[in-house]
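Here's the structure we're looking at; comments come further down.
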Amino acid sequence: MRVSKIETPEPFNLDYSLECGQVFHWKKIGEYWHGVLGNGAIKLRQIGEHLEFTGSSGVDWHDRIQNYFRFDDDLKSIARVISHDKFVSHALQKYRGLRILRQDPWECMLSYICATNTNIPQIERMLDNLCRTFGERMTFDAKEFYTFPSADTLAKASVASIRDCKAGYRAEFIKATANVIAKDVTIFDKIRTYTYGEAREELLRKFQQKKIFKGIGPKVADCVLLFSLDKLEALPIDVWILRTIVNQYARLFDKEFLSKLGHRGSLSFKDYDIISKTMRDYFGKYAGYAQEYIYHYARTLL
DNA sequence: AACCAGGTGAGGA
DNA sequence: TCCTCACATGGT
């Protein structure tokens, strides 16, 4: 269990990238982040322009880390494309080095199914319960870790046992979606090659009047596309983004459209599409990056 | 007690 | 096609 080092691209900030709300299963203990990536546990910290880490054996951690933290993104170029906007430009400076992650699609999908109509502490609890109940236990660095439950495992689990993880009414969505993924293991590889529009269509596609992915609406679909399937123009709209749009980007919309939104709790599919289209046109092909900076800024400062 | 939290599905207009 | 409301859970 030797300490390894890997050089980070410029800019990169580990804390911002893991804290900004795009992922739920990392824990910071002291100065080290602890987590599970696929079948391996790892702890890591950032020192200047390096990542220092130790991970469980049998894993090509260099490759996995570079892939997960999207070291392949040219963040400087991305920033140039979205920083024409004052608000985002400010957030880009404040959270310099925040990167979108490239999560495992199934993990991401399950996470965001759990993330509907609840709050972050409960999401973390739900996912932790699911991992402890259905994941594989391992010991690393004298600590306990659990892998994320596979779609196969959850497809075989009872709805009641998923509900016991405090998943509530989401338990049947999880089970139904796990069934679909377990039966079609190449589906994510396929979707990854699609354009954003095609990929989104596929995730939301209806099959004989019935959704094949239960629990996945426009927001969850955009999260999966952005955080795991390389669709950087995907712009998930949740309550925080909506609030910020109303406060900071009202100029991009009709007045009556915004006031209509005001006195309704959640977004209709139609209104979601209008806002999504407008914001993607405004920010361009890296709209998802803009979204994440706006989200983190809104969560921490507004 | 009522409302909110990284929304979505079912059912009716 | 579009809108309204219930929904498990836990905190305030």
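The basis for the numbers below is simple: all heavy atoms, side chains too, and nothing from hydrogens, waters or symmetry mates. Sequence lines set the chain letters: A, B, ... in the order given, protein chains first and strands last, and positions in each chain run from 1.
- What separates OH of A/Tyr169 from P of B/dG7 is a distance of 9 Å, to the nearest Å.
- Per the geometry, CG belonging to A/Leu261 stands 15 Å off P belonging to C/dC2, to the nearest Å.
- Distances shorter than 4.0 Å separate none of the side-chain N or O atoms of A/Thr118 from OP1 or OP2 on C/dT9.
- Between the side chain of A/Gln22 and the backbone N or O of A/Arg99 there is at least one donor-acceptor pair closer than 3.5 Å.
- Among the protein residues, A/Glu172 comes within range of no part of the nucleic acid, since none of its heavy atoms lies under 4.0 Å from any strand.
- Side chain to side chain, A/Tyr249 and A/Asp85 meet the donor-acceptor criterion of an N or O pair below 3.5 Å.
- Using a distance-only test at 3.5 Å, with no hydrogens or angles considered, a donor-acceptor pair links the side chain of A/Asn179 to the main chain of A/Lys175.
- Contacts classified as side-chain hydrogen bond (donor to acceptor under 3.5 Å, both in side chains) and involving residues 54-65 of chain A (residues at least two apart or in different chains) are given here: A/Asn39-A/Arg64.
- Comparing B/dG7, C/dA8, B/dA5 against the side chain of A/Lys219 picks out B/dG7 as the nearest.
- Here B/dG7 presents its C1' atom at 9 Å from CG of A/Leu267, a figure rounded to the nearest Å.
- Applying the ring-ring contact (aromatic ring centres under 6.0 Å, His included) test to every pair with at least one member in residues 80-102 of chain A, sequence neighbours left out, gives these pairs: A/Tyr16-A/Tyr95, A/His84-A/Tyr282, A/Phe87-A/Tyr297, A/His90-A/Tyr297, A/Tyr95-A/His296.
- A/Asp271 places its CG atom 10 Å from the P atom of C/dC2, with the value rounded to the nearest Å.
- One finds no side-chain N or O of A/Lys166 lying less than 4.0 angstrom from the OP1 or OP2 phosphate oxygen of C/dA8.
- Classified by interplanar angle (parallel below 30°, tilted 30° to 60°, perpendicular above 60°), the ring pair A/Phe71/A/Phe12 is perpendicular.
- Across all strands, A/Arg170 comes closer than 4.0 Å to base atoms (heavy-atom distances).
- Following rounding to the nearest Å, A/Ile120 (CD1) and B/dC4 (P) show an atom-to-atom distance of 18 Å.
- Relative ring orientation between A/Tyr286 and A/Tyr289 is described as perpendicular, the plane-to-plane angle rising above 60° on a 0-90° scale split at 30° and 60°.
- Rounded to whole Å, the distance from CG on A/Leu130 to P on C/dA8 is 16 Å.
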Validation: residues 119-128 of chain A side-chain donor-acceptor distances under 3.5 Å, sequence neighbours left out:
unit_1	atom_1	unit_2	atom_2	d
A/Asn119	OD1	A/Gln122	N	3.1
A/Asp128	OD2	A/Arg132	NE	3.0

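- Comparing the same atom, C1', in B/dA2 and in C/dA6 gives a spacing of 16 Å after rounding to whole Å.
- As rounded to the nearest Å, C/dA8 and B/dG11 have P atoms that lie 14 Å from one another.
- Residue contacts for A/Gln22: at a heavy-atom cut-off of 4.0 Å it reaches a base atom on one of the strands shown.
- Under 4.0 angstrom from either OP1 or OP2 of B/dA5 there lies at least one side-chain N or O belonging to A/Arg243.
- Backbone-only engagement by A/Pro218 is indicated by non-hydrogen atom pairs under 4.0 Å involving sugar-phosphate atoms exclusively.
- Comparing C/dC5 with B/dC3, their P atoms sit 13 Å apart, to the nearest whole Å.
- Sorted by first and then second residue, the ring-ring contact (aromatic ring centres under 6.0 Å, His included) pairs with a member in residues 108-132 of chain A read A/Phe24-A/Tyr112, A/Tyr112-A/Phe227; sequence neighbours excluded.
- Looking at the side chain of A/Val239, the nearest of the listed nucleotides C/dG10, C/dA8, B/dG7 is B/dG7.
- A/Ile123 has its CD1 atom 11 Å from the C1' atom of B/dG7, to the nearest Å.
- Rounded to a whole Å, the CD atom of A/Gln122 is 12 Å from the P atom of B/dG7.
- Contacts between residues 91-117 of chain A and DNA chain B, defined by a heavy-atom separation below 4.0 Å, involve A/Tyr112, A/Ala115, A/Thr116, A/Asn117, listed by number.
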Polar atom pairs (N or O), protein with nucleotides 9-13 of chain B, under 3.5 Å:
unit_1	atom_1	unit_2	atom_2	d
B/dG9	OP1	A/Gly215	N	2.9
B/dG9	OP1	A/Ile216	N	3.4

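- There is a side-chain donor-acceptor pair under 3.5 Å between A/Arg45 and A/Tyr32.
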